[in-house]
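Beneath this line is the structure, given in structure tokens, with notes to follow.
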Amino acid sequence: MKNQEYYEQLFEPYPDVVTLDEFRAMLGGIGETTARKILHGNHIKYFFIRSAYRIPKVWVIEYVLSDHYAQYRQELKVQV
């Protein structure tokens, strides 16, 4: 199982607060609809500012370490 340190290193090139497109890339290039389902399903915390999603990188790391992502990634075509 991958730990927090692994994801901190993996996501190091990304800014501290990412956009929806960057979030999608961090999760292996998932589709926009899938990313929005994750956000709107309250599986990851985010800010919606001036019609744009803003997601702190630490929250993305929390999400990929969560039980929901562990189950959900089995359904995804791409994985981190």
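If you read the sequence from its start, that first residue is 1, and numbering goes on from there.
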(request) Grab the two heavy atoms, one from Leu20 and one from Ala35, that are nearest each other, plus how far apart they are. (result)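 Between these two residues, the closest heavy atoms are CD1-CB, 3.8 Å.
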(message) On a heavy-atom basis, which atom in Arg24 and which in Gly31 lie closest, and how many Å separate them?
(response)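 Closest pair (atom of Arg24, atom of Gly31, distance): NE-C, 3.6 Å.
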(message) Can a donor-acceptor pair be found, under 3.5 Å and without considering hydrogens, that links the side chain of Glu22 to the backbone of Thr19?
(response)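 Flag set: sc Glu22 to bb Thr19 pair under 3.5 Å.
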(request) Using modelled atom types only, decide if a donor and an acceptor are shared between the side chain of Lys57 and the backbone of Tyr14 within a distance under 3.5 Å. (result)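 Yes, because the side chain of Lys57 sits within donor-acceptor range (under 3.5 Å) of the backbone of Tyr14.
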If you measure from [atom1] on [X] to [atom2] on [Y], what distance do you get to the nearest 0.5 Å?
{"X": "Ile55", "Y": "Leu39", "atom1": "CD1", "atom2": "CG", "result": "4.5 Å"}
{"X": "Glu62", "Y": "Lys45", "atom1": "CD", "atom2": "NZ", "result": "5.0 Å"}
{"X": "Ile61", "Y": "Tyr69", "atom1": "CD1", "atom2": "OH", "result": "12.5 Å"}
{"X": "His40", "Y": "Thr33", "atom1": "NE2", "atom2": "OG1", "result": "11.0 Å"}
{"X": "Leu10", "Y": "Met26", "atom1": "CG", "atom2": "CE", "result": "8.0 Å"}

(message) Is any side-chain heavy atom of Tyr53 closer than 4.5 Å to one of Arg36?
(response)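 They are in contact (side-chain heavy atoms under 4.5 Å apart), so the answer is yes.
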(message) Does atom CD (Glu8) have a neighbourhood of more than 12 heavy atoms from anything else shown, all under 6.0 Å?
(response)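 Yes, CD of Glu8 has more than 12 neighbouring heavy atoms, counting only those of other groups under 6.0 Å.
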(request) Describe, in one word, how the ring planes of His68 and Tyr63 are oriented to each other, choosing from parallel (under 30°), tilted (30 to 60°) and perpendicular (over 60°). (result)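 His68 and Tyr63: tilted rings.
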(message) Evaluate Tyr7 against Leu65 for side chain to side chain contact (heavy atoms under 4.5 Å, CB included), listing each step before the verdict.
(response) CA-CA 9 Å; Tyr7 287 111; Leu65 293 172; 3.8 Å; yes
(request) Give a yes-or-no answer on whether the side chains of Gln9 and Glu5 include a donor-acceptor pair shorter than 3.5 Å. (result)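 There is no such pair between these side chains.
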(message) Checking Phe23 against Ile44 for the side chain to side chain contact (heavy atoms under 4.5 Å, CB included) test, could you report, in this order, the C-alpha distance in whole Å, the side-chain angles of both residues, the deciding distance, and whether it holds?
(response) CA-CA 11 Å; Phe23 172 65; Ile44 185 170; 3.7 Å; yes
(request) Apply side chain to side chain contact (heavy atoms under 4.5 Å, CB included) to Val64 and Tyr6, showing your working. (result) CA-CA 11 Å; Val64 295; Tyr6 170 80; over 6 Å; no
(message) Would you say Val60 ends up clustered with Val17 if hydrophobic residues are merged whenever their side chains have heavy atoms under 4.5 Å apart, either directly or through other cluster members?
(response)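 They do not share one cluster, since no chain of ILVMFWY contacts under 4.5 Å joins Val17 to Val60.
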(message) Against Trp59, only a single residue in Phe47, Tyr46, Phe11 fulfils ring pair (Phe, Tyr, Trp, His ring centres under 6.0 Å); can you say which?
(response)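 Of the listed options, the one satisfying the test is Phe47.
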(message) Apply side chain to side chain contact (heavy atoms under 4.5 Å, CB included) to residues Ile38 and Leu27 and explain how you reach the verdict.
(response) CA-CA 11 Å; Ile38 292 169; Leu27 294 187; 4.2 Å; yes
